[in-house]
Amino acid sequence: PALIRVEDVTRTYTNRGQAVPALRGVSLAVPEGQRFGIVGESGSGKSTLLRIIAGLDRATSGRVTSAGVDLSPAPSGGARSESGPTAPRDLGDLRAALQFVFQDPYGSLDPRMTVGDIVAEPLLNPANVRDGGPRTAAARRDAVREMLDAVGLPLDATERYPHQFSGGQRQRIAIARALVCRPRILVADEPVSALDVSVRRQVLDLLARLADEHALTLLLVSHDLGVVRHVADHVAVMHDGLIVEQGPTAQVYDD
Ligand code: ADP
Ligand code: ADP
């Protein structure tokens with residue numbers, strides 16, 4: 001059974017009265033534990049697809065299920081406003097099951113918070129965490145230290161601020177913050193595009209290793225063929241709102 005299932009999904013934006021088809025009929029199925037890569041040039045629809053799978057945007061038509069949560073649009077025909085985020089009622093289960101790592105490890109970390117507080121913050125809301133997570137301050141502190149260790153940051157990082165770390169280290173902080181929630185699915189949107197070339201491979205190796213150790217289903221999006229090839233075991237190639245090819249990584253890259 002697929003942990004993520006997308007069936008014939010379309011998403012049409014309206015931009016100054018013009019219909020912009022961002023997705024034109026996309027289907028994929030990601031089994032639990034797979035490292036699924038989505039590659040395609042800018043504007044091919046990758047972010048739109050990710051946002052729909054994460055419940056941040058709604059398909060115009062088709063069916064979408066993530067971690068057992070049905071994110072499909074309401075049946076067409078009724079008077080319905082422009083697609084928007086899924087109703088919060090549906091998203092409770094998804095928030096605890098799916099976490100994000102974004103391209104920009106600068107923008108996503110609050111510069112006024114210590115790294116310890118940044119990584120602990122999602123634990124303050126049990127809805128973010130599978131099984132509710134640690135309930136006491138001491139247990140949260142232990143969970144944060146365990147995660148910082150897992151991503152290769154020194155334990156004294158907890159008392160420091162994001163600007164005291166390099167780009168690669170900041171992305172490690174963002175990964176720790178996502179994984180402290182014990183998600184089933186980690187969505188990584190261009191996770192190394194903003195990093196120096198010299199540290200990209202380290203961060204990708206870390207993602208691959210953590211995916212194995214935590215039995216994560218990894219959804220990795222990049223415009224960079226090399227990045228996807230390095231991490232993914234299954235690849236979908238997007239072009240102009242469609243998946244034009246998909247299969248095991250070795251097979252796709254052989255063509
Ligand atoms: P990618 O992530 O591959 O760069 P996107 O999913 O961001 O592609 O965009 C796919 C297409 O949809 C592009 O033509 C883009 O301009 C358009 N698009 C994306 N988001 C919006 C939006 N919020 N409003 C209007 N058009 C959008
Ligand atoms: P990406 O880095 O994935 O290519 P962009 O930088 O193109 O994404 O877009 C950043 C944000 O702006 C996204 O949330 C996307 O949905 C939105 N967006 C992209 N294209 C448009 C557009 N033509 N009109 C409005 N919003 C857009």
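Indexing begins at 1, ligand by ligand and atom by atom, following the structure's order.
For a threshold of 3.5 Å applied to N or O pairs, the pair formed by Gly45 and ligand 1 contains at least one separation below that value. Ligand 1 has a nitrogen or oxygen under 3.5 angstrom from a nitrogen or oxygen of Thr48.
Residues Thr60 and Tyr13 have side chains that never bring a donor and an acceptor to within less than 3.5 angstrom of each other. Between Asp224 and Ser222, the side chains place no donor N or O within less than 3.5 Å of an acceptor N or O (distance only, hydrogens not considered).
Within the 4.0 Å heavy-atom cutoff, Met238 does not count among the residues contacting ligand 1. Taking 4.0 Å as the cut-off, Gly40 does not count as a neighbour of ligand 1 on heavy-atom distance.
Every atom of ligand 1 with a heavy atom of Ser44 under 4.0 Å away is listed here by number and element: 1 (P), 3 (O), 8 (O). Taking a cut-off of under 4.0 Å to the non-hydrogen atoms of Lys46, the atoms of ligand 1 that pass are 1 (P), 2 (O), 3 (O), 4 (O), 6 (O), 8 (O). For ligand 1, the atoms sitting less than 4.0 Å from at least one non-hydrogen atom of Ser47 are 1 (P), 2 (O), 6 (O), 7 (O), numbered in the order shown with element in parentheses. Atom numbering of ligand 1 starts at 1 in the shown order; those under 4.0 Å from a heavy atom of Ser42 are 4 (O). Heavy-atom contacts of Ala22 reach the following atoms of ligand 1: 10 (C), 11 (C), 12 (O) (cutoff under 4.0 Å).
Residues satisfying the salt bridge (charged side-chain N to carboxylate O under 4.0 Å, His left out) criterion with Arg140, sequence neighbours excluded, are absent altogether.
Among residues at least two apart or in separate chains, ring-ring contact (aromatic ring centres under 6.0 Å, His included) pairs with a member in residues 36-58 are Phe36-His234.
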Quiz prompt | Pair Glu146-Arg182, salt bridge (Lys or Arg N to Asp or Glu O under 4.0 Å): steps then yes or no | solution = CA-CA 12 Å; Glu146 184 190 332; Arg182 307 263 172 219; 3.1 Å; yes
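Residues Val101 and Ala174 approach most closely at CG2-O, 4.3 Å, considering heavy atoms.
Under 4.0 Å from ligand 1, the heavy atoms of Glu41 that appear belong solely to its backbone.
Counting only heavy atoms from C-beta outward, the side chains of Leu225 and Tyr253 approach each other to under 4.5 Å.
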